[in-house]
Amino acid sequence: MSLPKRFPGRDEIAAVRAEAERLEPGDEASEKRRLAGRVMARREMGKLVFLDLVDRSARIQLLCDTARTGPVDVDLGDIVGVIGPVFRTKRGEITVEVQSFKLLTKSLRPMPEKWHGLKDVEIRYRQRYVDLIANPEVRDVFRARTRIITAIRGLFDERGFIDVESPVLQEIPGGGHARPFQTHHNSLDRDLFLRIALELHLKRLLVGGFERVYEVGRVFRNEGLSPRHNPEFTLLESYQAYADYEDVMQLVEDVVVVSAMASGTPLEMSYQGESVNLTPPYRRERMADLVVEHTGRHAVGEELNDLFEEHVEPRLRQPTFVLDYPVEISPLARPREDDPRFVERFELIILGREYANAFTELTDPVDQRARFEAQASLRAAGNEEAHPMDEDFLRAVEYGLPPCGGLGMGIDRLVMLLTDQPSIRDVILFPVMKSEA
């Protein structure tokens, strides 16, 4: 079967529908339209065949009079091109009277049974192309995701940040606490790792004179699957010279607001039935104070963090900046001058989940080396997620890292929140799945 390789000059269905809104029932436009899309429904009434045609913009009804068009040999899922005038039926339905009909692509697979509103999550996630055909609202989620990322980039661009790219393949996977994926470079005959974070290369750029940098990119962590975790995900990181974590808190609030606006989500919103108010300013509380408030216990170090994660974090439902983390779990953050047991670090918690992690960055190369050495001891004791030693990063800091504030923010979780999606797989087009049985 020889099928056309193109269908030029087509009109988008949404534009055709918008122009046809002025027609009265029974009226017909004089101009012919060229439309192309996927056939999503078929109904027959004698010699008349009604089809529903869908493109990226909208849906429209086609009327095919087989006395004029000949047999309409199409199945659900086929992609066709049609030419004809637009009219309103007596019931007000905007319809194209098909005068010319071309099959452009034949669908060899039938649509899944009961494909309208497809709900089988295995099919939805594993065969995203079917999900996008069957559930138009899914396309809306990913359009919103694109608008959110575009708005975030626009915010940083307007404020003088430079959009940069750091290497995905790294000799030392630093900047976070996570198990990396490992690969092998054949020509160099050495092992490399997929990055777990963007931080250390971006801070190298601050040393080199780029005073404001950001990157929106994929990172990879060799961890389990859950509604909140996918082994590859999209991370925003930014670094701003001559700023601290107080400045970054304001930046995070602005990122949330512009993202909500871009997605069309009101700041007073609902996520999975629970009300959330994203209007700044957000509550700010020290981790130690929150632990005392919820448990009555005083603690430091890893014990404090454990108490927070178990007893406090799940209870923080409205946006809250949790401040001043223990130095033991924050090897890249600047210590507080008034209490060096803690660092100038915050996480933004909403509905019991982390949405952002930020520091006043550590710029002292001597202290940084000591932190890395302490992490190396943890790695030697079997902690695979402890931060590795990175001599080149230390060398960069020894040239002089300006005082700066840094931010890491998970794009996928933010999109989940703003589009009211229950799982991270609902906002990643092609999530990692278990092997098919």
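Just so it is clear, the model here is predicted, and its values are computed rather than measured.
Defined by atom type and a distance below 3.5 Å, a donor-acceptor pair is present between the side-chain atoms of E215 and S166. Checked by atom type, the side-chain pair H184/D189 shows a donor-acceptor distance below 3.5 Å. Of the N and O atoms on the side chains of Q250 and D254, at least one donor lies less than 3.5 Å from an acceptor on the other residue.
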Side-chain atoms of residues 347-356: list all donor-acceptor pairs with protein atoms under 3.5 Å, sequence neighbours left out, distances to 0.1 Å.
residue, atom, partner, partner atom, Å
E347, OE1, Y325, OH, 3.1
E347, OE2, R345, NH2, 2.9
R353, NH1, Y271, OH, 3.4

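Between R204 and D390, at least one side-chain nitrogen of the basic residue sits less than 4.0 Å from a carboxylate oxygen of the acidic one, meeting the salt-bridge criterion. The existence of a salt bridge linking E274 and R317 is confirmed by a sub-4.0 Å separation between a basic side-chain nitrogen and an acidic carboxylate oxygen. Taking the charged nitrogens against the carboxylate oxygens, K203 and E361 do have a contact shorter than 4.0 Å, which makes a salt bridge. At a threshold of 4.0 Å, the pair R88-E21 counts as salt-bridged, since one of the basic side-chain nitrogens sits closer than that to a carboxylate oxygen. Contact check on R284 versus E246 returns a salt bridge, with a Lys/Arg side-chain nitrogen under 4.0 Å from an Asp/Glu carboxylate oxygen. Remark: R68 does not engage D65 in a salt bridge, criterion side-chain N to carboxylate O under 4.0 Å. A salt bridge is absent between R38 and D78; no separation between the charged side-chain nitrogens and carboxylate oxygens falls under 4.0 Å. Taking 4.0 Å as the cut-off between side-chain N and carboxylate O, R218 and E232 count as a salt-bridged pair. Classification of K106 and D75 as a salt-bridged pair holds, one side-chain N sitting under 4.0 Å from a carboxylate O. With respect to D426 and R124, a salt bridge is recorded, a charged nitrogen being found less than 4.0 Å from a carboxylate O. Using a cut-off of 4.0 Å between Lys/Arg side-chain N and Asp/Glu carboxylate O, D52 and R43 are scored as salt-bridged. Under 4.0 Å is where a charged nitrogen must lie from a carboxylate oxygen, and between E313 and R315 no such pair does. Between E19 and R17 there is no salt bridge, since no side-chain nitrogen of the basic residue lies less than 4.0 Å from a carboxylate oxygen of the acidic one.
Side-chain N or O atoms of N277 include one that pairs as donor or acceptor with a backbone N or O of T279 at under 3.5 Å. In terms of modelled atom types and a separation under 3.5 Å, the side chain of R128 and the main chain of L429 share a donor-acceptor contact. Judged by distance alone, the side chain of R42 and the main-chain N or O of V74 form a donor-acceptor pair under 3.5 Å. Side-chain N or O atoms of T320 include none that pairs as donor or acceptor with a backbone N or O of L316 at under 3.5 Å.
Scanning all heavy atoms of the two residues, the minimum distance from M269 to L417 falls at CE-O, 3.2 Å. In terms of heavy atoms, A386 sits closest to L378 at CB-CB, 3.8 Å. Looking at every heavy atom in both residues, E344 comes nearest to Y245 through C-CD1, 3.4 Å. Contact record, P326 with S330: O-OG, 3.1 Å, taken as the closest heavy-atom pair.
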(request) Determine, step by step, whether V256 and Y282 satisfy the side-chain contact (heavy atoms from CB on, under 4.5 Å) criterion, reporting the C-alpha distance in whole Å, the side-chain angles of both residues, the deciding distance to 0.1 Å, and the verdict. (result) CA-CA 11 Å; V256 173; Y282 301 153; 3.4 Å; yes
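Separation of the F181 and F220 ring centroids does not fall under the 6.0 Å cut-off.
With sequence neighbours excluded, no residue forms a side-chain hydrogen bond (donor to acceptor under 3.5 Å, both in side chains) with E28. For R139, there are no side-chain hydrogen bond (donor to acceptor under 3.5 Å, both in side chains) partners, not counting sequence neighbours.
Annotation: cation-pi pair R34/F7 present, NZ/CZ under 6.0 Å from the ring centroid and within 45° of its normal.
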